[in-house]
Student: 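Can you read through this structure? Questions will come right after.
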Amino acid sequence: MDLTLQHHDSVPLDVPPIDFRSELNDEQHAAVTAAPGPLLVLAGAGSGKTRTLTYRVAWLLSQGVRPHEILLLTFTNKAAKEMLHRVEDLTGVAAHRFWGGTFHHIGHKVLRIYGETIGLPRSFTILDADEAEGFLRDTVEVADKVFFKDKTHPRPGPLSEIISFSRNTQFQLGEVVTRFYPQHAELVERIAAFARSYRERKRKQNVVDYDDLLEYWLELLKAAPDVLAYLQHRFRHTLVDEYQDTNTLQAQIVDLMGGNHHVMAVGDDAQCIYSWRGANFENIITFPDRHPGTQIHRIETNYRSTPQILNFANGVLAAQPKGRHFDKELRASRPNHEKPFVVQTMDAREQALFIVQRLKGLADEGRPLSDVAVLYRAHYHALDLQLELSRLSIPYVITSGVRFFEQAHIRDLVALLRFVYNPADTMAWQRIAVLLPKIGDKGAQKLHAAALALAREKQKGLLDALATLEVAAKVPAGARDEWPRLIVSLQQVAETMRTMKPPHAVETAIDGWYGDYLKGAYANYISRLDDLKSLVGFAGRFEEMQDLLAQIVLLNSETSDRQVDPAADALKLTTVHQAKGLEYGVVFVIGLGEGMFPLRRAIESGDIEEERRLFYVAVTRAKDELYLCYPRVSTKGGAGGMMISPSRFLQEVPENLYQPLRLKRAWDW
């Protein structure tokens with residue numbers, strides 16, 4: 001077999017001299033100029049991780065390493081291009097002369113050349129995400145025509161996510177479903193059979209999906225020692241960005257590709273927050289064990305935040321269990337400023353009032369809205385703030401998705417409530433009806449028209465007409481099994497509306513047909529269910545259903561009429577996960593109550609450490625001012641509300657590292 005890779009590095013390198021000593025701080029310089037060998041660079045938040053990687057490549061070139069001998073693995077092509085273009089600016093060596101990109105990108109290049117070694121023809125084609133989902137759907141329907149007709153079963157999208165998670169983590173499907181998708185626990189054996197059939201059909205048709213690019217790459221490295229030996233020799237240096245985010249597959253690939261132990265893994269164990277996407281915290285923790293002789297370099301000088309914010313962040317990390325993290329202490333390069341503020345509010349509404357009041361003060365101080373961010377653990381935590389911002393016409397952008405009432409599952413449930421309250425509302429009916437199999441907009445309209453005609457003829461209510469055999473006979477065959485359950489659920493909600501307050505009607509709607517639909521429609525069913533339950537508390541503010549529905553519709557109308565240009569001066573609202581890697585002058589972290597952050601389900605499942613790391617990420621987004629807000633009363637799931645204590649993460653930090661901000665009550669402003 002020809003084990004040569006095509007490259008064009010006969011061009012002599014003419015790297016201009018770089019004064020690495022003056023361009024880098026002491027910590028960065030030590031990591032950049034470290035002798036070849038296994039290197040673990042622990043780059044704290046805001047410490048110049050990208051700069052360190054960029055200069056490491058430049059250093060290697062200055063030491064005579066050729067571009068084709070360097071492999072750079074990143075999590076986005078954008079990150080790879082940015083780094084390699086910086087290298088080009090520094091050294092004059094063209095970016096295209098390196099092998100750099102995402103794991104999937106590099107895996108594809110390797111398999112095109114060597115895939116035949118494991119029986120993968122070079123002519124394979126790659127399915128994009130939509131195509132792979134459709135391929136899986138067809139595979140399932142060949143094996144079981146009625147599987148997707150049960151609305152509690154995962155749809156093709158969620159099913160694909162479950163199988164993908166198992167493949168990337170290398171957990172057994174049973175463990176994956178039990179731990180992360182418990183609503184489908186009874187389907188483990190069937191899902192496993194679908195996964196096997198899916199793999200077999202892809203091989204027969206010579207197609208691969210994204211996960212195959214990693215799985216087959218790893219299989220190649222294990223099954224073809226000559227290919228492995230060549231790749232290890234060819235790539236003298238392997239550099240990995242954001243190493244804490246690697247999954248099990250990726251870590252094994254790095255271990256094999258870097259078998260010469262010339263691996264530099266750059267990351268931060270304190271920012272490992274993506275286990276729900278498959279990231280494995282053990283990869284970075286056990287790196288020195290898997291690579292004997294690892295040199296550990298710590299880059300702890302932070303160029304982002306004030307000393308007081310960093311002291312607080314260090315206090316968060318100090319509460320980690322001993323022996324389950326790398327010790328590090330962020331140090332500031334900036335002058336002193338205010339300590340972080342801890343703000344206790346009565347409830348989420350007062351929390352929102354405090355934030356808009358402080359925004360006015362920041363505006364008076366000349367701080368643009370675009371330099372301010374509000375971070376939260378879950379979408380529903382920002383509901384009251386979104387309402388208040390809309391009421392006051394304060395422009396805001398949600399960088400982690402759409403506004404609360406614009407989310408698909410929220411709009412679905414609201415449409416169900418609207419239709420029950422007013423059966424003449426054909427738009428609300430259509431939104432619900434098309435969720436049934438084989439019913440489109442026209443089919444929904446015909447069913448509504450048939451029920452309306454029958455209701456007039458028989459002088460009965462529209463919901464009763466929908467329940468008749470005459471209307472049921474017009475339902476498409478694919479939806480007939482589900483139709484009675486939908487109608488019963490609508491009738492139950494109607495009865496609750498007649499006899500009880502709005503929160504009870506919302507609960508009945510969630511517990512009925514739509515709650516079952518949600519299980520199969522979304523892989524993140526549990527977090528979406530939390531969103532829906534937050535509507536119960538919101539509904540508790542209204543005595544009449546008409547007032548609740550009117551308020552929601554008006555809010556939706558106001559926000560859709562006032563779309564904010566992303567480039568405009570607008571407040572940023574985002575989950576902490578989506579804020580990683582970003583920075584803002586002023587940061588508000590809201591919902592810091594026990595059971596909110598950390599989430600109740602994280603407490604119950606024992607996933608506290610990742611929640612603590614997530615809090616650390618939130619804190620280190622702030623450059624100048626940090627406000628940590630917690631409500632004393634939570635209304636999620638009920639109108640009356642319940643008392644909650646401050647997050648354990650606040651209570652663990654020494655009191656001398658923050659200052660309480662005592663509020664005047666909202667009615668005194």
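One is the number of the first residue; the rest follow in order along the sequence.
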Student: How long is the span from the CZ atom in R179 to the OG1 atom in T169, to the nearest 0.5 Å?
Tutor: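 Result: 8.5 Å between the selected atoms.
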
Student: Going by the rule salt bridge (charged side-chain N to carboxylate O under 4.0 Å, His left out), which residues pair with R324 if we only count those two or more places apart in sequence or in a different chain?
Tutor: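 With neighbours one apart ignored, the set is E282.
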
Student: Any idea which heavy atoms bring I18 and A58 closest together, and the distance?
Tutor: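 Distance-wise, the nearest heavy atoms are CD1-CB, 4.0 Å.
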
Student: One pair to check against salt bridge (charged side-chain N to carboxylate O under 4.0 Å, His left out): R86 and E82. What are the steps and the verdict?
Tutor: CA-CA 6 Å; R86 288 193 193 183; E82 179 183 335; 2.7 Å; yes

Student: Decide yes or no for I70 and V65: does some side-chain heavy atom of the first lie under 4.5 Å from some side-chain heavy atom of the second?
Tutor: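 SC-SC contact between I70 and V65 confirmed.
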
Student: Side chains of L369 and P395: closer than 4.5 Å at any heavy-atom pair?
Tutor: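 Touching, per the 4.5 Å side-chain cut-off.
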
Student: Could you check if a side-chain atom of Q651 sits within less than 4.5 angstrom of a side-chain atom of S645, using non-hydrogen atoms only?
Tutor: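 The answer is yes; the side chains approach within 4.5 Å.
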
Student: Can you name the residues that form a ring pair (Phe, Tyr, Trp, His ring centres under 6.0 Å) with Y522, not counting sequence neighbours?
Tutor: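 Y522 satisfies ring pair (Phe, Tyr, Trp, His ring centres under 6.0 Å) with no other residue.
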
Student: Going by distance alone, is a donor N or O of one side chain under 3.5 Å from an acceptor N or O of the other, for E338 and Q659?
Tutor: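 Checked: E338/Q659 side chains pair up, N/O donor to acceptor below 3.5 Å.
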
Student: Measure the CG-OG1 distance between D289 and T294 for me, rounded to the nearest 0.5 Å.
Tutor: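 OG1 of T294 is found 8.5 Å from CG of D289.
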
Student: As an exercise, state the distance from OG of S47 to CG of N302, rounded to the nearest 0.5 Å.
Tutor: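 S47 atom OG to N302 atom CG measures 7.0 Å (nearest 0.5 Å).
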
Student: Going by heavy atoms in the side chains, are L61 and W59 under 4.5 Å from each other?
Tutor: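 SC-SC contact between L61 and W59 ruled out.
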
Student: Is a side-chain donor or acceptor of D347 paired with a backbone partner of P631 at a separation under 3.5 angstrom?
Tutor: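 Checked: no pair found.
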
Student: We want to know whether Y55 and Q28 form a side-chain donor-acceptor pair, criterion being a heavy-atom distance below 3.5 angstrom.
Tutor: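 Note: Y55 and Q28 side chains miss the donor-acceptor criterion.
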
Student: Taking 4.0 angstrom as the limit, do R21 and D26 come out as a salt bridge?
Tutor: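 Yes.
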
Student: Cation-pi between R349 and F354: NZ/CZ under 6.0 Å from ring centre and within 45° of the ring axis?
Tutor: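 No, R349 and F354 do not form such a contact.
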
Student: Hey, is the main chain of T575 close enough, under 3.5 Å, to the side chain of Q578 for a donor-acceptor pair?
Tutor: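 Such a contact is absent between Q578 side chain and T575 backbone.
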
Student: With distance as the sole test, does R56 use its side chain to make a donor-acceptor pair with the main-chain N or O of V32 at under 3.5 Å?
Tutor: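 Confirmed, R56 side chain pairs with V32 backbone.
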
Student: Show the nearest heavy-atom pair for residues A45 and D268, with the distance to one decimal.
Tutor: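 Reported closest heavy-atom pair: N-OD2, 3.9 Å.
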
Student: Between N283 and T246, do the side chains contain a donor N or O and an acceptor N or O under 3.5 Å apart?
Tutor: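 Present: a donor and an acceptor within the cut-off.
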
Student: Are any of the side-chain nitrogens in E583 or R621 under 4.0 Å away from the carboxylate oxygens of its partner?
Tutor: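 Salt bridge absent between E583 and R621.
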
Student: Just wondering, do L626 and Y658 contact through their side chains at under 4.5 Å, heavy atoms?
Tutor: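 A side-chain contact under 4.5 Å is absent here.
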
Student: Let me confirm one number: the CG-CG distance from L214 to N168, rounded to the nearest 0.5 Å.
Tutor: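 Answer for the CG-CG pair, L214 versus N168, is 6.0 Å.
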
Student: Does any N or O in the side chain of E610 come within less than 3.5 Å of the main-chain N or O of D607, such that one atom is a donor and the other an acceptor?
Tutor: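 No.
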
Student: Does CZ in R662 sit with more than 12 non-hydrogen atoms of other residues, nucleotides or ligands closer than 6.0 Å?
Tutor: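 At most 12 heavy atoms, drawn from other residues, nucleotides or ligands, come within 6.0 Å of this atom.
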
Student: Can you tell me if D624 and H337 form a side-chain donor-acceptor pair at under 3.5 Å?
Tutor: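 The answer is no; no qualifying pair exists.
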
Student: Rounded to the nearest 0.5 Å, how far apart are CG of L60 and OG1 of T91?
Tutor: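 It is 11.5 Å, given to the nearest 0.5 Å.
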
Student: For F75 and Y274, I'd like to know if the aromatic rings sit close, meaning centre-to-centre distance below 6.0 Å.
Tutor: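 Not close enough - the centres of the two rings lie 6.0 Å or further apart.
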
Student: Just by distance, no angles: are the side chains of Q308 and N336 close enough, under 3.5 Å, to form a donor-acceptor pair?
Tutor: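 Side chains of Q308 and N336: pair found under 3.5 Å.
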
Student: If you look at every heavy atom in N77 and G101, which pair is closest and at what distance?
Tutor: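 Between these two residues, the closest heavy atoms are OD1-CA, 3.9 Å.
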
Student: Y627 pairs by ring-ring contact (aromatic ring centres under 6.0 Å, His included) with which of Y584, F341, F312?
Tutor: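 So the option named by the test is F341.
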
Student: Do the charged groups of E594 and R600 touch, with an N to O distance under 4.0 Å?
Tutor: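 R600 and E594: not salt-bridged.
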
Student: Would you mind reporting whether F287 and F326 have side-chain heavy atoms less than 4.5 Å apart?
Tutor: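 Not touching, per the 4.5 Å side-chain cut-off.
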
Student: Decide yes or no on side-chain contact (heavy atoms from CB on, under 4.5 Å) for K339 and L657, but give the supporting numbers first.
Tutor: CA-CA 7 Å; K339 291 180 182 179; L657 297 182; over 6 Å; no

Student: Tell me if the centroids of the rings in W276 and F180 come within less than 6.0 Å of each other.
Tutor: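 Distance test on ring centres: not under 6.0 Å, no.
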
Student: Of Q244, H325, K328, which is the lone residue that meets side chain to side chain donor-acceptor pair (under 3.5 Å) with D269?
Tutor: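 It is K328, the one option of Q244, H325, K328 that forms the side chain to side chain donor-acceptor pair (under 3.5 Å) with D269.
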
Student: Check whether any side-chain N or O of R632 sits under 3.5 Å from a backbone N or O of I644 as a donor-acceptor pair, and report yes or no.
Tutor: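 Flag set: sc R632 to bb I644 pair under 3.5 Å.
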
Student: Does a side-chain N-to-carboxylate-O contact under 4.0 Å join E365 and K360?
Tutor: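 Salt bridge between E365 and K360, a charged N being under 4.0 Å from a carboxylate O: no.
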
Student: Does D245 come within less than 4.0 Å of R277, counting only side-chain N to carboxylate O?
Tutor: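 Not counted as a salt bridge, because no side-chain N and carboxylate O are separated by less than 4.0 Å.
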
Student: Measure the CG-CD distance between D384 and E350 for me, rounded to the nearest 0.5 Å.
Tutor: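 The CD atom of E350 is 11.5 Å from CG of D384, to the nearest 0.5 Å.
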
Student: Find out whether T301 and I299 are in side-chain contact, i.e. whether some heavy atom of one side chain is under 4.5 Å from a heavy atom of the other.
Tutor: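 They are not in side-chain contact.
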
Student: Which heavy atom of S305 sits nearest a heavy atom of A622, and at what distance?
Tutor: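 What the structure gives for the nearest pair is OG-O, 2.6 Å.
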
Student: Give a yes-or-no answer on whether the side chains of E242 and T74 include a donor-acceptor pair shorter than 3.5 Å.
Tutor: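 No pair is found: no donor N or O on one side chain lies under 3.5 Å from an acceptor on the other.
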
Student: Give the C-alpha distance, both sets of side-chain angles, the deciding distance and a yes or no for side-chain contact (heavy atoms from CB on, under 4.5 Å) between F404 and L573.
Tutor: CA-CA 11 Å; F404 183 83; L573 271 60; over 6 Å; no

Student: Let's go through R334 and Y303 carefully: what are the C-alpha distance in whole Å and the side-chain angles of both, what is the deciding distance for side-chain hydrogen bond (donor to acceptor under 3.5 Å, both in side chains) to 0.1 Å, and is it a yes or a no?
Tutor: CA-CA 7 Å; R334 295 185 52 196; Y303 294 93; over 6 Å; no

Student: Check for a donor-acceptor pair, side chain of R51 on one end and backbone N or O of E23 on the other, with a separation under 3.5 Å.
Tutor: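 Flag set: sc R51 to bb E23 pair under 3.5 Å.
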
Student: Give a yes or no on whether a salt bridge exists between R377 and E611, defined as a side-chain N under 4.0 angstrom from a carboxylate O.
Tutor: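 A salt bridge is present here (some side-chain N lies under 4.0 Å from a carboxylate O).
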
Student: Hey, are R612 and E609 close enough for a salt bridge, meaning a charged N less than 4.0 Å from a carboxylate O?
Tutor: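 Here R612 pairs with E609 in a salt bridge, since their nearest N and O are under 4.0 Å apart.
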
Student: If every non-hydrogen atom of G258 is compared with every non-hydrogen atom of H291, which pair is closest and at what distance?
Tutor: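 Looking at all heavy atoms of both residues, the shortest contact is O-CE1, 4.3 Å.
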
Student: Between the side chain of S275 and the main-chain N/O of G278, is any donor-acceptor distance below 3.5 Å?
Tutor: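 Flag not set: sc S275 to bb G278 has no pair under 3.5 Å.
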
Student: Counting only N and O atoms by type, is there a donor-acceptor contact under 3.5 Å from the side chain of D371 to the main-chain atoms of R367?
Tutor: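 Absent.
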
Student: Side-chain donor-acceptor pair under 3.5 Å between Q271 and Y616, yes or no?
Tutor: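 Looking only at side-chain atoms, Y616 and Q271 do not form any donor-acceptor pair under 3.5 Å.
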
Student: Yes or no on side-chain contact (heavy atoms from CB on, under 4.5 Å) for Q407 and H379, after CA distance, side-chain angles and deciding distance?
Tutor: CA-CA 10 Å; Q407 297 176 98; H379 285 289; 4.0 Å; yes

Student: Start with the C-alpha gap between L71 and L73, add the side-chain angles, then the distance that decides, and say whether side-chain contact (heavy atoms from CB on, under 4.5 Å) holds.
Tutor: CA-CA 6 Å; L71 175 63; L73 293 167; 4.2 Å; yes

Student: Please determine if D530 and R601 form a salt bridge, counting it only when a charged side-chain N lies under 4.0 Å from a carboxylate O.
Tutor: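 Between R601 and D530 there is a salt bridge, with a charged N closer than 4.0 Å to a carboxylate O.
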
Student: Answer yes or no: is there a side-chain heavy-atom contact under 4.5 Å between E625 and L362?
Tutor: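 When only atoms from C-beta onward are counted, L362 and E625 do touch, with a gap below 4.5 Å.
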
Student: Y630 and L592: which non-hydrogen atoms are nearest, and at how many Å?
Tutor: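 That would be CB-O, 3.0 Å.
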
